[in-house]
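The structure appears right after this line, and notes come after that.
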Amino acid sequence: MPRAPKPLLIPTTQARQIWLRAQRLDTRAPFGEGAQAVTDAVAHLGYVQIDTINVIERCHHHILFSRIPSYRRADLRQAQSVDKSVFEYWTHALSYVPSNDFRFFLPAMREHKREGHNWYASVTLADTRKVMRLLRAGALTIRDIEDDVLIEKEHLWQSRKPSKRALQLAFYTGVATISARQGMLKTYDLMTRHFGWDKLPKPASAKEITAYLLDRALRSQGVVSLDSICHLDAPSKKAVASLVASRVRRGELVPVAIEGAGKQEHWTAPATLEPAEISSDLVHILSPFDPLIIQRKRTNLIFGYNHLFEAYVPKAKRKLGYFALPVLVGDEIVAALDLKTDRQAKKVLMQKWTWVGQGKKTAGRKELKRKIEEELDRFERFQLDE
């Protein structure tokens, strides 16, 4: 058996540039504009996370805006409800994913249908029959169901409406999909009717899903580890590790050792190691749910920035603020801005500005602040445009 190749040592600066290029944050408008740009961005990233917090614009819009400078919320509505090129399902969290990837999610849907879903164990057969009768008659929102008898919540985020729980279970089992979204109000429809299918596509095999997870990570991360490929998906690690090892043996992947990573193994495709320069004029105000930030340990390793999500931390103990947004200038995270959109006054409020990393240095800070404030003006216009 041939000896495994020795990992190539790469500095964190190179790892940053590779990751930024993979995330398409190395250029101003990598996907163009309009609904097609949304389709292409979601296809490249693999997923765009959805979250309910709206102290500023919700994260799915924010993540897309970071990569599509001309982005409008209507572009996502077009992609989801008209073009049907993206759909909602669970990755490590509720996310928009490419409709072309649907078959990779079908095995999870079938498993929930066969074995149930732990979050919705309280859904009764009567609840299911009721919402299926309504769904067969046409698409609906939870507001269309007015005869529910409210029940006690079993946890903080759970609905008190039995019909909503039944709709959510239908969503996880693949019977229903979210055909439209207005804010956080979801319209549900039968999956087959929404996509115009006579029947669901053929599900991907376990082997195909493993390759999908690895390829998605390589495309959107550039340099990968088992933790980054299988974020919050520990059961997939064994199969992914086996596939990585086989690709290393074939020379399709090379092991790399990122400066400061210790024993954590990383891999990349050989072509990815080509030098990449990131313009220092590029400024991105990122969501805390952005793919560049959501894997906190990875962000800390590669950028030297430990993001603190403090929305659920008592005010007196916060360091960065309630909903701090990391600021990327070139290939460095230099600040964290705690912003709040005052929609009545039509302005974005600066709650707190914290310099981090290279931003702590006084040399050149005046120019750095000017660049960030220019991007803040654009960011504010995006927040207030309807």
Side-chain angles (χ1 to χ4, degrees), residues 11-13 15-17 19-20 23 25-26 49 51-67 69 93 258-260 278-343 345-384:
T12 53
T13 51
R16 282 203 300 272
Q17 291 164 355
W19 194 10
L20 289 171
Q23 277 292 306
L25 291 168
D26 63 332
Q49 186 170 334
D51 195 81
T52 59
I53 295 177
N54 70 333
V55 63
I56 59 161
E57 184 53 87
R58 289 186 174 94
C59 69
H60 41 288
H61 294 305
H62 187 169
I63 292 166
L64 291 168
F65 171 74
S66 293
R67 293 157 179 84
I258 297 177
E259 179 185 2
I278 312 295
S279 171
S280 61
D281 289 332
L282 285 173
V283 181
H284 295 95
I285 299 170
L286 298 174
S287 166
F289 300 105
D290 194 279
L292 200 77
I293 305 297
I294 194 64
Q295 296 193 36
R296 308 283 192 241
K297 290 181 180 179
R298 176 179 168 90
T299 305
N300 195 14
L301 168 66
I302 295 178
F303 283 89
Y305 170 69
N306 182 27
H307 184 71
L308 303 175
F309 184 71
E310 299 176 310
Y312 306 114
V313 174
K315 186 174 182 178
K317 295 184 178 181
R318 293 176 195 151
K319 297 179 181 178
L320 300 179
Y322 178 83
F323 200 69
L325 310 179
V327 181
L328 177 72
V329 179
D331 63 357
E332 297 272 2
I333 295 175
V334 299
L337 309 181
D338 185 25
L339 303 179
K340 179 180 180 180
T341 301
D342 186 335
R343 294 175 176 86
K346 294 189 178 300
K347 60 183 179 180
V348 171
L349 307 176
M350 177 66 67
Q351 310 284 81
K352 187 175 183 180
W353 184 311
T354 306
W355 291 107
V356 301
Q358 293 295 315
K360 290 181 178 180
K361 297 180 178 179
T362 55
R365 183 182 291 178
K366 184 177 179 181
E367 175 64 11
L368 196 58
K369 193 169 190 290
R370 183 193 65 77
K371 289 180 181 180
I372 295 170
E373 286 176 339
E374 281 186 3
E375 181 61 19
L376 273 170
D377 289 341
R378 195 177 78 88
F379 190 74
E380 182 176 55
R381 291 194 297 273
F382 164 64
Q383 296 297 309
L384 300 175

Practice task
Determine the sole option in K371, R370, R378 for which the salt bridge (charged side-chain N to carboxylate O under 4.0 Å, His left out) test with E374 is passed.
Solution key: R370
Problem - K352, NZ: over 12 other non-hydrogen atoms inside 6.0 angstrom - result: yes
Exercise for the section: Give a yes or no answer on whether the side chain of Q351 reaches the backbone of D338 with a donor-acceptor pair at less than 3.5 Å. Expected result: no
Fill in the blank from the handout: Separation between CZ (F379) and CG (L339), nearest 0.5 Å, reads 6.0 Å
Practice task
Look at the side chain of E375 and the backbone N and O of H284, then say whether any donor-acceptor pair between them is shorter than 3.5 Å.
Solution key: no
Completion exercise
Residue set satisfying salt bridge (Lys or Arg N to Asp or Glu O under 4.0 Å) with R67, at least two apart, ordered chain then number -> D290
Practice task
Assess whether side chain to side chain contact (heavy atoms under 4.5 Å, CB included) is satisfied between I372 and V329, documenting all intermediate values.
Solution key: CA-CA 8 Å; I372 295 170; V329 179; 4.1 Å; yes
Exercise for the section: Under the side chain to side chain contact (heavy atoms under 4.5 Å, CB included) rule, what do Y322 and K340 come out as? Steps first, then yes or no, please. Expected result: CA-CA 9 Å; Y322 178 83; K340 179 180 180 180; over 6 Å; no
Practice task
Kindly indicate whether the side chain of T299, heavy atoms from C-beta on, has any atom under 4.5 Å from the side chain of W19.
Solution key: yes
Exercise for the section: Heavy atoms only: give me the nearest Q383-I56 pair and the separation to one decimal. Expected result: OE1-CB, 3.4 Å
Handout entry: Close side-chain approach of E57 and T341, heavy atoms under 4.5 Å
Key = no
Practice task
Examine distances only and state if a side-chain atom of T12 and a backbone atom of F303 form a donor-acceptor pair shorter than 3.5 Å.
Solution key: no
Practice task
Kindly compute the distance separating CD1 (I294) from SG (C59), expressed to the nearest 0.5 Å.
Solution key: 8.0 Å
Problem - Value rounded to 0.5 Å, distance of CD in E367 from OG in S280 - result: 8.5 Å
Handout entry: A324 versus L320, closest heavy-atom pair with distance
Key = CB-CB, 3.6 Å
Completion exercise
Between H307 and P326 the two heavy atoms that sit nearest each other are ND1-CG, 3.6 Å
Exercise for the section: Determine yes or no for a side-chain-to-main-chain donor-acceptor pair under 3.5 angstrom, with H62 supplying the side chain and I285 the backbone. Expected result: yes
Problem - Salt bridge flag under 4.0 Å for residues K317 and E310 - result: no
Problem - Close side-chain approach of R296 to F309, heavy-atom, < 4.5 Å - result: yes
Problem - Straight-line distance of L286 CG to L328 CG, nearest 0.5 Å - result: 5.5 Å
Completion exercise
Nearest heavy-atom contact between L325 and P288 is CD2-CD, 3.5 Å
Problem - R318 side chain vs V313 backbone, donor-acceptor pair below 3.5 Å - result: yes
Problem - side-chain contact (heavy atoms from CB on, under 4.5 Å), paired with Q17, selected from D26, I302, I278 - result: I278
Handout entry: Pairwise side-chain contact, V327 with L337, heavy-atom cut-off 4.5 Å (strictly under)
Key = yes
Handout entry: With sequence neighbours excluded, residues passing side-chain hydrogen bond (donor to acceptor under 3.5 Å, both in side chains) with K369
Key = E373
Completion exercise
What one should report as the nearest heavy-atom pair of D51 and R58 is O-CD, 3.6 Å
Exercise for the section: Work out which heavy atom in S66 is nearest to a heavy atom in L25; give both atom names and the distance. Expected result: O-CD2, 3.9 Å
Practice task
Taking the side chain as every heavy atom from C-beta outward, state whether L376 and M350 have any atom pair closer than 4.5 Å.
Solution key: yes
Completion exercise
When rounded to the nearest 0.5 Å, the distance separating CG of L292 from CZ of R16 is 11.0 Å
